[in-house]
Amino acid sequence: MSSDVCCFAEARRVAIFGGTHGNEMSGIMLVSMWTKNDCEIRRSRVHIEPFISNPRAVEKCARYIDTDLNRAFTEENLSTAGGDELPYEVRRVKEINQIFGPKGSPDAYDVIIDLHNTTSNMGSTLILESSTDHFTLQMVHYIKKAMAPESCMVLLTEHPQLKYSTTRSVAKHAVGFEVGPQPQGVLRSNIFQSMRMIVKHALDFIEMFNSGVEFPACRVEVFRVHERVDYPRDTNGNISAMVHPHLQDCDWEPLNPGDPMFQTFDGRTIVYEGAGPVYPTFINEAAYYEKNQAFITTCRETVAVNPIRKSTQ
Ligand SMILES: CC(=O)N[C@@H](CC(=O)O)C(=O)O
Ligand SMILES: [Zn+2]
């Protein structure tokens, strides 16, 4: 394992996305607030752009209009020609790619922070898409330390089948902030304030990096996506059980073989039958009923992070 210093260009352009899902209110309110007055998010040497990514969904207070924007940043959508007949979010993908991308090119924004809320009891969670991007790994290490003693979990979505094409993936470095529990369409002041603090720490990190601070090697505890678990269903495909009360709200706590997972409407318990402990999260997330997902399981691991500093050209 090498711990060579990784050099990255100064982060000159950073975007903060809110309203990627139009019913996740904390990010929407923060971004609207910062669009009117950006003094709280201003930092020297870097342009920071607050941006509502799905304005029509925000207007309707719906997750999306035609299709989930946070699954739509695919090669296919980026390359298909077409105009008004395309689903709204597919058109929006092309616009966002023009403003903040093109995805994968040197012209893409340096960092995108994408603000989400969950109905699950996940607390403050940082979502990473890659275990080899030492810039974002150092950022989450910084945020976790700054948030302590409040805990801040790291979800790693890198997975051969389960990874999805997020809006933020247009940037060179992408991070999602997922804070809950907060119902859809509702603002909770504690959740709003936690999200605001995480953004502050992220921007402070970027400013320190830009000013030439070298961040030493470190280790970060992450929870890597392992499996998606659907609700039990009857032969018609309808849900036949609920998340068990012993699992509800227990995001990030170990689920051991034999532990209750679901409760049927007539009161029977369905237990977890996997081989060893896993760490469930996104438990009973409202937006995931349509995705046939009751929760995901994750595996805990420690990632070794290389030192980073700004490259000198
Ligand atoms: C509840 C929710 O919307 N979660 C986000 C997670 C992410 O941004 O990676 C999503 O499903 O797109
Ligand atoms: Zn969301």
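All ligand and atom numbering here is 1-based and tracks the order in the structure. Throughout, numbering of the chain's residues begins at 1 and tracks the sequence.
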A.B. asks: Using 2.8 Å as the cut-off, note every protein N, O or S atom close to the Zn ion (ligand 2).
C.D. replies: H21 ND1, E24 OE1, E24 OE2, H116 ND1
A.B. asks: Please state which protein non-hydrogen atom is closest to atom 10 (C) of ligand 1 and give its distance, to 0.1 Å?
C.D. replies: Y288 OH, 3.4 Å
A.B. asks: Counting only nitrogen or oxygen atoms and a 3.5 angstrom limit, does E285 reach ligand 1?
C.D. replies: no
A.B. asks: Can you confirm whether the side chains of N70 and T167 place a donor and an acceptor under 3.5 Å from each other?
C.D. replies: yes
A.B. asks: Is the backbone N or O of E129 less than 3.5 Å from a side-chain atom of K163, with the two atoms forming a donor-acceptor pair by type?
C.D. replies: yes
A.B. asks: Using a strict 4.0 Å cut-off to heavy atoms of E178, name the atoms of ligand 1 that fall inside it.
C.D. replies: 1 (C), 2 (C), 4 (N), 5 (C), 6 (C)
A.B. asks: Measure E129 to ligand 1 on non-hydrogen atoms and call it side chain, backbone, both or neither using the 4.0 Å cut-off.
C.D. replies: neither
A.B. asks: Tell me which one of L156, L126, T302, V140 satisfies side chain to side chain contact (heavy atoms under 4.5 Å, CB included) with V222.
C.D. replies: L156
A.B. asks: With no hydrogens and no angle check, just 3.5 Å: does a side-chain donor-acceptor pair link E178 and T118?
C.D. replies: no
A.B. asks: Parallel, tilted or perpendicular for F262 and Y231, by the 30°/60° rule?
C.D. replies: tilted
A.B. asks: Of all the non-hydrogen atoms in the protein, which one sits nearest to atom 3 (O) of ligand 1, and at what distance?
C.D. replies: R63 NH1, 2.9 Å
A.B. asks: Starting from atom 9 (O) of ligand 1, locate the nearest protein heavy atom and write down its residue, its atom name and how far away it is, to 0.1 Å.
C.D. replies: Y164 OH, 2.6 Å
A.B. asks: Does the side chain of R228 pick up a donor-acceptor pair with the side chain of Q293 at under 3.5 Å?
C.D. replies: yes
A.B. asks: Within the 4.0 Å heavy-atom shell around I127, which atoms of ligand 1 are there?
C.D. replies: 6 (C), 7 (C), 9 (O)
A.B. asks: Whether R300 and E221 form a salt bridge (side-chain N of Lys/Arg under 4.0 Å from carboxylate O of Asp/Glu) is what I want to check.
C.D. replies: yes
A.B. asks: Below 4.0 angstrom, N of the basic side chain to O of the carboxylate: do R92 and E89 qualify?
C.D. replies: no
A.B. asks: Give the contacting part of T118 toward ligand 1: side chain, backbone, both or neither, where contact means a heavy-atom distance below 4.0 Å.
C.D. replies: neither
A.B. asks: Please determine whether a side-chain nitrogen of the Lys or Arg among D204 and R43 lies less than 4.0 Å from a carboxylate oxygen of the Asp or Glu.
C.D. replies: yes
A.B. asks: Within less than 4.0 angstrom of ligand 1, does K291 place any heavy atom?
C.D. replies: no
A.B. asks: Can you sort out which atoms of ligand 1 are near H116, meaning under 4.0 Å from one of its heavy atoms?
C.D. replies: 3 (O), 5 (C), 8 (O)
A.B. asks: Would N70 count as a polar contact of ligand 1, with the cut-off being nitrogen or oxygen pairs under 3.5 Å?
C.D. replies: yes
A.B. asks: Only heavy atoms of R168, strictly under 4.0 Å: list the atoms of ligand 1 that pass.
C.D. replies: 7 (C), 8 (O), 9 (O)
A.B. asks: So, E207 and S44: side-chain donor and acceptor under 3.5 Å apart, yes or no?
C.D. replies: yes
A.B. asks: Run the salt-bridge test on D68 and R63 with the 4.0 Å N-O cut-off and return the result as yes or no.
C.D. replies: yes
A.B. asks: For the residue pair S105 and D107, confirm or rule out a side-chain donor-acceptor distance under 3.5 Å.
C.D. replies: no
